[in-house]
K.L.:
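Handing you a structure now.
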Amino acid sequence: MAISLFWNRLNHRRNQPRDPANSAHPSFDLHRQWGDLTYDLLYSVLWNHVGTKTLYLELWARIDQALKKAEYGYQRHSRAWVLQVTTTTLFEKHQKYGRKLSPSEQVMLDANLNIPAKLRQFDSYLHKLPVRDHTLLLLRDKYGLPYGEIATILGMPEGSLRVQHQQALRSLQEWLWDRT
Amino acid sequence: MNCFDWNIASSEYLDGSLSPPLKKAADDHLESCADCKERHQHYRLILESLRSLPRSVAPSELQHEIQLFSGTSRAPMVAEFFLRFWPTFQRTIRSPKALTLTLSLMLTFALLSGLPQIRSIYEKRIQKRFQSYHFGELPLSQEGGTSAESSGAETVSEDFSDDFGESESDSGGLIPISSEEGSNSETVDSKASKVLADVWRFTIRTDSPQKVRSQVTQALLQAGTLAGSRYVHGFTAPGGIQFDALVPSASVEALQQKLSSLSQESTEENFPTGAFTWYRNRSKRPLPPGASRVIVWLSLM
């Protein structure tokens with residue numbers, strides 16, 4: 001009888017998600033605001049569905065833990081705070097969860113001389129970039145974050161960030177056009 | 001503005017954050033330089049491609065899983081384990097009976113795998129109790145003022161008396177020795193059990209313990225062994241011979257000098273120096289009042 005009650009209770013809790021309006025914990029709100037952004041960033045860099053799902057769960061568990069130590073930073077600049085944890089986790093784990101280009105894909109990217117075809121494979125070229133450059137381009141140009149916020153997220157001076165952004169663009173430009 | 005300057009300023013130019021005079025200079029340079037203009041077009045294409053990349057949305061089942069554990073106090077690893085295996089668990093076990101059976105199996109497995117550890121903990125506890133009752137001794141350093149007495153003496157760790165129980169019947173076993181204080185001190189009163197008793201340990205290193213054995217016994221008898229002395233004639237243990245006797249505390253110093261002279265006699269033949277060491281500590285084990293326990297170890301090593 002007791003086990004049956006316990007079992008039903010577990011299922012009941014599982015089938016009844018929390019009401020966002022009554023959420024007491026800040027991680028719930030953060031996840032509601034920035035969950036999709038973090039998922040997209042993880043997927044864009046890792047390029048791997050399974051790895052992204054695993055790391056996404058790991059990331060939000062980590063954010064949940066980090067919130068216990070954070071005092072007020074996440075309230076005033078919640079996006080920067082969440083993305084800071086996200087990028088830190090991503091740089092640590094991208095080797096484990098990220099998809100690597102196979103040798104044949106690598107050869108194909110190097111050998112393709114047709115520029116429209118290269119532009120169609122823009123994702124692959126982007127994936128060839130180092131993970132920090134890749135993240136920087138996404139944050140700056142895909143999501144349109146200001147340099148000041150990206151500098152906070154990545155822990156770099158703004159000037160260095162601009163130089164790195166320029167170098168990343170130059171690398172892509174060389175791969176796409178200069179070798180034709 | 002030349003090509004080098006434009007390369008440096010291109011990031012701000014693409015952002016539109018250049019100051020008006022610089023922007024005009026950059027526009028003029030792009031009009032005049034075909035290479036830089038082409039590169040600028042390429043950069044623009046790249047940025048447009050980046051902006052037009054499709055955005056993915058987190059799957060709803062993941063959102064649901066995260067909502068379940070967000071804000072709770074579980075460790076992330078536990079949450080991950082739970083989230084990963086909970087659906088499988090739920091699919092596999094569909095009734096309370098199956099759950100009961102699974103839990104009982106898990107409990108049995110845990111008990112079976114944990115039994116050796118439980119057994120060893122139990123045995124260690126018994127051994128600790130036994131030792132604290134029979135051989136419970138405290139080092140002098142735990143006593144405040146008496147630690148200076150043992151600081152000069154070399155400590156010796158060989159002592160095989162723990163390997164032998166009270167009921168051991170050895171060749172040199174329990175012998176009744178009558179002395180002046182013996183009749184009074186056979187019963188140990190409750191006050192004496194609270195006072196820590198002195199235990200003296202003497203070690204003589206020698207090549208031939210059997211030769212020295214009788215001399216040590218004689219020295220112990222001269223010191224006035226009390227009733228309760230266990231091994232006045234010594235017992236043979238691996239590595240040497242051990243004596244265990246109760247003597248009046250007043251005669252310990254004389255016994256020490258006697259043993260020291262014995263060791264010097266044996267040293268002339270066998271060992272050059274350091275043949276005699278001693279130290280004293282306190283024991284919780286109750287002794288008759290005015291008595292000290294003396295352990296002499298004739299060591300081959």
Side-chain angles (χ1 to χ4, degrees), chain A residues 1 3-8 10-11 13-14 17-18 20 23-28 30-32 35-40 42-44 49 52-54 56-58 60-65 67-68 119 122-123 126 137-138 140-144 147 162-163 165-166 169-170 172-173 176-178, chain B residues 7-12 14-15 17 38-80 82-84 86-87 89-90 93-103:
Chain A
M1 180 67 185
I3 292 172
S4 174
L5 282 173
F6 174 68
W7 187 252
N8 289 335
L10 277 180
N11 286 325
R13 189 182 171 190
R14 182 176 169 74
R18 289 184 198 175
S23 67
H25 199 269
S27 76
F28 193 86
L30 286 181
H31 181 253
R32 193 155 44 83
D36 287 343
L37 177 67
T38 52
Y39 185 85
D40 187 48
L42 291 182
Y43 180 68
S44 303
H49 277 295
T52 305
K53 284 179 182 175
T54 313
Y56 184 69
L57 287 175
E58 206 172 306
W60 279 96
R62 188 184 274 204
I63 288 175
D64 199 37
Q65 292 294 311
L67 274 172
K68 291 174 186 170
L119 282 174
F122 182 72
D123 275 354
L126 203 57
L137 281 183
L138 290 173
R140 174 67 196 151
D141 299 312
K142 187 175 180 184
Y143 308 127
Y147 274 115
R162 284 178 186 276
V163 171
H165 183 260
Q166 188 62 30
L169 279 181
R170 185 67 187 262
L172 280 175
Q173 195 256 342
L176 287 165
W177 282 281
D178 279 5
Chain B
N7 263 328
I8 291 173
S10 63
S11 181
E12 282 92 348
L14 287 165
D15 285 345
S17 58
E38 191 188 18
R39 187 167 290 162
H40 178 63
Q41 293 299 327
H42 293 165
Y43 286 165
R44 282 209 173 281
L45 263 175
I46 291 170
L47 294 184
E48 280 172 20
S49 305
L50 276 168
R51 283 181 200 123
S52 61
L53 282 174
R55 292 203 184 195
S56 46
V57 180
S60 58
E61 70 267 15
L62 284 184
Q63 307 268 12
H64 185 59
E65 301 289 1
I66 288 170
Q67 284 172 15
L68 266 180
F69 74 74
S70 64
T72 57
S73 60
R74 290 177 213 161
M77 291 298 290
V78 175
E80 193 185 342
F82 181 77
L83 293 174
R84 196 172 284 176
W86 175 244
F89 190 64
Q90 210 180 22
I93 301 167
R94 291 180 176 276
S95 68
K97 279 182 188 174
L99 180 65
T100 315
L101 184 65
T102 313
L103 286 177

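Proteins get letters first, then strands, A, B, ... in listed order; numbering begins at 1 in each. In this text the structure is predicted, and so the values were computed from the model without any measurement. Only heavy atoms go into these numbers, but all of them, side chains included; no hydrogens, no water, no symmetry mates.
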K.L.:
Just how far is it from atom CG of B/Asn7 to atom CD of A/Gln166, taken to the nearest 0.5 Å?
P.N.:
6.5 Å
K.L.:
Begin from the C-alpha positions of B/Leu62 and A/Trp60 and carry the test side-chain contact (heavy atoms from CB on, under 4.5 Å) through to its verdict.
P.N.:
CA-CA 10 Å; B/Leu62 284 184; A/Trp60 279 96; over 6 Å; no
K.L.:
Let me know if A/Tyr147 has heavy atoms under 4.5 Å from chain B in its side chain, its backbone, both or neither.
P.N.:
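For A/Tyr147, side-chain heavy atoms alone lie under 4.5 Å from chain B.
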K.L.:
I need the residue from B/Glu48, B/Arg39, B/Glu61 with the largest number of non-hydrogen atom pairs under 4.5 Å to chain A.
P.N.:
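Winner by heavy-atom pair count: B/Arg39.
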K.L.:
CG/B/Leu45 to CG/A/Leu176 distance, rounded to the nearest 0.5 angstrom?
P.N.:
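Result: 9.0 Å between the selected atoms.
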K.L.:
Please identify, among A/Leu172, A/Leu169, A/Thr52, the residue contributing the most non-hydrogen atom pairs under 4.5 Å to chain B.
P.N.:
A/Leu169
K.L.:
B/His40: which residues meet the ring-ring contact (aromatic ring centres under 6.0 Å, His included) condition with it, sequence neighbours left out?
P.N.:
B/Trp6, B/Tyr13
K.L.:
Within this structure, what is the CD1-CZ distance for the pair B/Ile8 and A/Arg162, rounded to the nearest 0.5 Å?
P.N.:
13.5 Å
K.L.:
According to side chain to side chain donor-acceptor pair (under 3.5 Å), who are the partners of A/Ser44, at least two apart in sequence or on a separate chain?
P.N.:
A/Lys142
K.L.:
Supply the atom-to-atom distance B/Ile46 CD1 to A/Phe122 CZ, rounded to the nearest 0.5 angstrom.
P.N.:
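Rounded to the nearest 0.5 Å, the CD1-CZ separation comes to 6.0 Å.
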K.L.:
Please name the pair of heavy atoms, one in B/Ala58 and one in A/Gly35, separated by the smallest distance, quoted to 0.1 Å.
P.N.:
CB-O, 4.5 Å
K.L.:
Could you grab the distance from atom CG of B/Leu47 to atom NE2 of A/His165, nearest 0.5 Å is fine?
P.N.:
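So the CG of B/Leu47 and the NE2 of A/His165 are separated by 6.0 Å.
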K.L.:
To the nearest 0.5 Å, what is the distance between CG on B/Asp15 and CG on A/Asp141?
P.N.:
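With rounding to 0.5 Å, CG (B/Asp15) is 8.0 Å from CG (A/Asp141).
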K.L.:
Given that the side chain runs from C-beta out, which part of A/Leu126 has a heavy atom under 4.5 Å from chain B: side chain, backbone, both or neither?
P.N.:
side chain
K.L.:
Go through the atoms of A/Arg140 and report whether side chain, backbone, both or neither lie under 4.5 Å from a heavy atom of chain B.
P.N.:
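For A/Arg140, the contact with chain B is made by the side chain alone.
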